[in-house]
There are 2 protein chains.
Amino acid sequence: MDSASISSTPADLLRAAGIKVTPGRVRVLQALHGARQPLCHGEMEAQLGADGAAALDRVTLYRILDSLVACGLALKAVDTRGVFRFSAAGTPRQHANHIHFRCTDCGGVFCLKAEPPPPPKLPRGFRLGEVEFDVRGTCAGCSARERE
Amino acid sequence: MDSASISSTPADLLRAAGIKVTPGRVRVLQALHGARQPLCHGEMEAQLGADGAAALDRVTLYRILDSLVACGLALKAVDTRGVFRFSAAGTPRQHANHIHFRCTDCGGVFCLKAEPPPPPKLPRGFRLGEVEFDVRGTCAGCSARERE
DNA sequence: CCACAAATGCAACAGTGTTGCATTTGTGGC
DNA sequence: GCCACAAATGCAACACTGTTGCATTTGTGG
């Protein structure tokens, strides 16, 4: 084993997934792993622009995210405002089965510590993918701001 | 009681909600009540164009839907492709607390007959809005089509 | 029937996401 | 280390969904 045995740097993950290791992909993957909640394009562009290096092209960012989703390294979801949000999939099961709180005000997603209920029975022909117990409301920050 | 006691025609609902009764709103409300699942703008335009009368302006449709949501006669949600879908809210509680199945393939929404679990405890400051138990996967139609 | 506010239609715009194509860059083979 | 090729990138332009401004029409209460 070499020094990469500190298990899965972004570059390792990309190599393991069988796609080229490029600076853009490494940066995006780092950003996703560093984020505590799914990021949309805007947030990601801002974050990548702020880290010193030259900002990625908007289209390139879309394509990088698509390639990460295609090879299973990222997950794509939609927030309450209809905007795509991406999260790292490198830590399997972390988001697979648990409860999310979606703020209808700011669109943010928060993870709640609680066991999700078992999935219900489905009609014939329906195939189960993921189960998400979605709780909507106003998050602490927006609640406070509203109260002003 | 008068002849309107056949309970809530679209016009009655609009009057009761305190907004003007216009042909467009009546048609949209009828379409919403007739739909078996939430409709997006495209579907609604198609449906309204097909019913003989002149098609509504795209912007007018948006505004009508917004006004219906504002006065509580319709509900707005986002599908898996990030598109807004609207449903009639005239039958309260019908959608308030039950389980939805979202097809990740065609974006359709199906209602399952099952009791949703009780909402979990929220962190301090968070205010509960709605609870939705969201099950994702592939619907019967798309499953069959994939199997070809 | 009148007047006024609300609703509509049209045009133009904004944000998010996509496509085409020429150029650059990572990777495997020599 | 160098080359060639496919893959990735950057740029420009486009498509779709949703929004805003403003002049005109229409529903509603008097």
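Chain A is the first sequence line, chain B the second, and so forth, proteins listed ahead of strands; every chain is numbered from 1.
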Residue pair B:Leu48, B:Gln30: steps toward the side chain to side chain contact (heavy atoms under 4.5 Å, CB included) verdict:
CA-CA 10 Å; B:Leu48 292 174; B:Gln30 275 174 336; over 6 Å; no

Name the atoms and distances for all side-chain donor-acceptor pairs under 3.5 Å in residues 58-65 of chain B, with sequence neighbours left out.
none

Letter per nucleotide, 5' to 3', of nucleotides 17-30 of chain D [B base touched, S only sugar-phosphate touched, - untouched; heavy atoms, 4.0 Å]
BBBBB-----BS--

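Rounded to an integer number of Å, the gap from CG of A:Leu65 to P of C:dT16 is 14 Å. Taking atom CG of B:Leu14 as the reference point, atom P of C:dT8 lies 10 Å away to the nearest angstrom. Straight-line distance from the CD1 atom of A:Ile64 to the P atom of C:dT18: 15 Å, rounded to whole Å. The CG atom of A:Leu61 sits 12 Å away from the C1' atom of D:dT9 (whole-angstrom rounding). For B:Asp79 and D:dC16, the CG to P distance is 16 Å, given to the nearest whole Å. Nucleotide C:dT16 holds its C1' atom 16 Å from the CG atom of A:Leu39, rounded to whole Å. To the nearest angstrom, C1' of C:dT18 lies 15 Å from CZ of B:Arg81. Distance, B:Arg27 CZ to C:dA7 P: 17 Å, rounded to whole Å.
Note on B:Val83 and B:Leu39: separate hydrophobic clusters, where clusters join Ile, Leu, Val, Met, Phe, Trp and Tyr whose side-chain heavy atoms are under 4.5 Å apart, directly or indirectly. The same ILVMFWY cluster, assembled from side-chain heavy atoms under 4.5 Å apart, contains both B:Val26 and B:Leu56.
Stem regions annotated for DNA chain C: C:1-30 with D:1-30, counting only runs of 3 or more consecutive pairs of Watson-Crick or G-U type with both contacts under 3.5 Å.
In terms of modelled atom types and a separation under 3.5 Å, the side chain of A:Glu43 and the main chain of A:Cys40 share a donor-acceptor contact. In this structure, A:Arg85 contributes its side chain and A:Pro38 its backbone to a donor-acceptor pair below 3.5 Å.
Considering only heavy atoms from C-beta on, B:Leu73 comes within 4.5 Å of B:Leu29 through its side chain.
For the side chain to side chain contact (heavy atoms under 4.5 Å, CB included) test, residues two or more places apart in sequence or in another chain that qualify with B:Ala11 are B:Thr9, B:Arg15, B:Val21. A:Asp66 is linked by a side chain to side chain contact (heavy atoms under 4.5 Å, CB included) to A:Lys76, counting only residues two or more places apart in sequence or in another chain.
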